[in-house]
Student: 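Okay, here's the structure, questions in a sec.
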Amino acid sequence: GAPPDSQAGSGGFVLQAEQLEGRSTGGQPVGAHARAVARVGDPAGAVALGTTTKSASASELVDVETGEIVVEHDVYAKWAEQAAARSALPGHRLQVCMRHIRQDRGEVDVLQSKKSKRAYFAGVMACGSVWVCPVCARKIQAVRAAEVRAAIDAAKARGWRVAMLTQTVRHSRQDSLKTLLSKFTEALRRFKGPRAYRRLSEAHGIRGSIRALEVTWGEVNGWHPHSHTLIFYEHGKLADLEAGMRDLWADAVERVGLPQGNEHALVVGDASDVEEYLTKMASQSYRWGPEDELVKAHSKKARGSRFTPFDFLRSHLEAPSKRMLALFAEFANSFHGRRQLVWSRGLKQELLGNDGPSDQEIAESIGENDELLAHIPLEIWVHIRRHNLQRVVLEVADHHGKDGLLQLLELYGRKVRNGTETEEAARRKEARPHDEIAEGAYRSDQSRRVSGAGAAYGGVASSGVFDGTRA
């Protein structure tokens, strides 16, 4: 909700809203826009949003194998990150995500979640890409984390134990991500193939697993693919499980032609140990559980000179860099069609009783009985999307409520009616042909009905209804 002393109807608020418009360069907000929006409705003058912690403190979770840490996160930064991702991936369906109105709608709604009290858009297209879209990824990964958490709780209720397995390989700066990732995933497949793994599984009563695939990049050693896997088992010592798995992993890595790693190439620990870490986000403490470690890659920042995929976007926003965008594009191309989470056959049904929604269904979902704050007419939405003002709209709604939001939309409406942006808007539209390319991708891919799990890059999920656009 709005801060107690915020004045949504004050002249000062209108002045701030005008300042938030800002100028855009390369599809991303810059200047006063990025700075002023951090303080909308914040009389106390909070630290500007969009900054991230550069080094790990004692209160942060650090993964010594992968170099990842959890950082303070700006919940609105995803909009600028998505704009940066669009500039890296021309022609991708990301170009229309949260920008174009669905075929069956004539306007955009702003709703407020009953649970989180945060505003969000309804009636717009969602790409449903967990790999490359910072907006969809956060929504999808929140649901996936809840599913993993529920699975852990259900397993423990049955008396099962849960271990966390981390697997990595040696790599160098000369390795291409696509080649390295192909060999790494083949090694993961071979790891469970031998009879020795089946004997190990029987000895420990392994009931199933949930595996997450991730990657980081560093200046010194280049791309670093790795996986985190939750192992659900019934008995036996972790040390014995780790010893047996280490030999199997070493053999699998050798068979695919990758160099042998050190003692950190495979590590098995009790998954509950992860829950002992506390990470500071804003002024509150949150438990970082194994479900977060598996799916919330967007909340992690690589330590030191390492980068997670969304770090490329954050770095580009701090200092525009064609190199960062090229690395992000290489990541997107290499992870195309891969699943972020892989549950062993039957485990999800056994522990949760269903297979759950697809990524696309999650990205498109709206909360039942969430409050309607405002309708945004087509012409005003076009203005918002052309100037990348989605973040502004949602942040004003969160801090100033319905009245503040309506006042902001009226401001935008006056700009449209007065024609103050006509020539500039026309130039912007002519300079962005990729929107039309992406619309065509939606229509053609819909007929092929690509599955949600296989549409991580360049497809559309079978549950989507994207056969045209309105804006």
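The chain is numbered in sequence order, starting from 1. This one's a predicted model, so the numbers in the text were calculated from it and none came from an experiment.
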Student: Going from CG on L230 to CZ on R211, what distance comes out if it is rounded to the nearest 0.5 angstrom?
Tutor: 12.5 Å
Student: Parallel, tilted or perpendicular: which fits the ring planes of H226 and H228, with parallel below 30° and perpendicular above 60°?
Tutor: perpendicular
Student: Could you measure the distance from the OG atom of S321 to the CG atom of L313? Nearest 0.5 Å is fine.
Tutor: 11.0 Å
Student: For W343, check ring pair (Phe, Tyr, Trp, His ring centres under 6.0 Å) against everything at least two apart and list the hits.
Tutor: none
Student: Side chain to side chain contact (heavy atoms under 4.5 Å, CB included) between L327 and W217: does it pass, once the steps are laid out?
Tutor: CA-CA 9 Å; L327 286 167; W217 177 88; 3.9 Å; yes
Student: Less than 3.5 Å apart, which donor and acceptor atoms pair up between the side chains of residues 234-243 and the rest of the protein, not counting sequence neighbours?
Tutor:
from: E234; atom 1: OE2; to: R207; atom 2: NH1; distance (Å): 3.2
from: H235; atom 1: ND1; to: A203; atom 2: O; distance (Å): 3.1
from: E242; atom 1: OE2; to: V268; atom 2: N; distance (Å): 2.9

Student: Is it true that E186 and R189 have a side-chain N and a carboxylate O under 4.0 angstrom from each other?
Tutor: yes
Student: Decide, yes or no, whether a salt bridge links D153 with K156 under the criterion of side-chain N to carboxylate O below 4.0 Å.
Tutor: no
Student: I would like to know whether V135 and Y120 meet side chain to side chain contact (heavy atoms under 4.5 Å, CB included); could you show each step before the answer?
Tutor: CA-CA 11 Å; V135 176; Y120 64 95; over 6 Å; no
Student: Just by distance, do the side chain of N354 and the backbone of G356 share a donor-acceptor pair under 3.5 Å?
Tutor: yes
Student: Would you call K117 and D398 a salt bridge, using N to O less than 4.0 angstrom?
Tutor: no
Student: Apply side chain to side chain contact (heavy atoms under 4.5 Å, CB included) to residues R170 and L258 and explain how you reach the verdict.
Tutor: CA-CA 7 Å; R170 287 182 61 188; L258 289 172; over 6 Å; no
Student: Should N221 and R173 count as side-chain neighbours, where that means a heavy-atom distance under 4.5 Å?
Tutor: no
Student: Please check if the side chain of H92 supplies one atom and the backbone of L94 the other of a donor-acceptor pair under 3.5 Å.
Tutor: yes
Student: Nearest 0.5 Å please: distance from the CZ atom of R86 over to the CE atom of M98.
Tutor: 11.5 Å
Student: Salt bridge (charged side-chain N to carboxylate O under 4.0 Å, His left out), that's the test. Do R144 and D359 meet it? Break it down for me.
Tutor: CA-CA 9 Å; R144 298 302 183 214; D359 287 354; 2.7 Å; yes
Student: Taking the side chain as every heavy atom from C-beta outward, state whether V132 and H336 have any atom pair closer than 4.5 Å.
Tutor: no
Student: With the threshold set at 4.0 Å, does a side-chain nitrogen-carboxylate oxygen contact exist between E81 and R138?
Tutor: yes
Student: Flag the pair W79 / F121 as yes when their ring centroid distance falls below 6.0 Å, and as no otherwise.
Tutor: yes
Student: Does the distance from a Lys or Arg side-chain N to an Asp or Glu carboxylate O, for K348 and E147, drop under 4.0 Å?
Tutor: yes
Student: Taking atom CD1 of I231 and atom CG of D270, what is their separation to the nearest 0.5 Å?
Tutor: 12.5 Å
Student: Do E330 and K178 sit within salt-bridge range, that is, some charged N less than 4.0 Å from a carboxylate O?
Tutor: no
Student: At what distance, to the nearest 0.5 angstrom, does NZ of K78 lie from SG of C133?
Tutor: 9.0 Å
Student: Considering non-hydrogen atoms only, spot the tightest contact between A151 and L351 and give its length.
Tutor: O-CD1, 3.7 Å
Student: Heavy atoms, side chains only, cut-off 4.5 Å: are F232 and I206 in contact?
Tutor: no
Student: For the residue pair V130 and Q340, what are the closest heavy atoms and their distance?
Tutor: CG2-OE1, 3.7 Å
Student: Regarding R118 and Y76, do their side chains bring together a donor and an acceptor under 3.5 Å, going by distance alone?
Tutor: yes
Student: Can you name the closest pair of heavy atoms from L89 and Q95 and give their distance?
Tutor: O-NE2, 3.0 Å
Student: Taking side chain as C-beta onward, heavy atoms only, is H224 less than 4.5 Å from T168?
Tutor: yes
Student: Check whether any side-chain heavy atom of L177 sits under 4.5 Å from a side-chain heavy atom of F184, and report yes or no.
Tutor: no
Student: Looking at every non-hydrogen atom in both residues, tell me the closest pair between I366 and A122 and how far apart they are.
Tutor: CG2-CB, 3.8 Å
Student: For C136 and C97, work out which heavy atoms get closest and say how close.
Tutor: SG-SG, 3.6 Å
Student: Are H100 and R385 packed together at the side-chain level, in the sense that at least one heavy-atom pair is separated by less than 4.5 angstrom?
Tutor: yes
Student: Tell me whether R158 at atom CZ has more than 12 heavy atoms from other residues, nucleotides or ligands lying less than 6.0 Å away.
Tutor: yes
Student: Would you say the side chain of F191 lies within less than 4.5 Å of the side chain of L266, judging by non-hydrogen atoms?
Tutor: yes
Student: Between E361 and S358, is there a donor-acceptor pair closer than 3.5 Å when you use the side chain of the first and the backbone of the second?
Tutor: yes
Student: Does a donor on one side chain and an acceptor on the other come within less than 3.5 Å for T179 and S182?
Tutor: no
Student: Check the angle between the aromatic planes of F307 and F312 and answer parallel, tilted or perpendicular using the 30° and 60° thresholds.
Tutor: parallel
Student: Taking the side chain as every heavy atom from C-beta outward, state whether F331 and W131 have any pair of such atoms under 4.5 Å apart.
Tutor: yes
Student: Taking L181's backbone N and O only, do any of them form a donor-acceptor pair with T185's side chain (distance below 3.5 Å, no angle check)?
Tutor: yes
Student: Does a donor on one side chain sit under 3.5 Å from an acceptor on the other, for R323 and H316?
Tutor: no
Student: Could you check I210 against L347 for side chain to side chain contact (heavy atoms under 4.5 Å, CB included), going step by step and ending with a plain yes or no?
Tutor: CA-CA 9 Å; I210 309 173; L347 182 66; 4.0 Å; yes
Student: If I take atom CE from residue M245 and atom OG from residue S201, how far apart are they, to the nearest 0.5 angstrom?
Tutor: 8.0 Å
Student: If every non-hydrogen atom of S87 is compared with every non-hydrogen atom of L325, which pair is closest and at what distance?
Tutor: OG-CD1, 3.6 Å
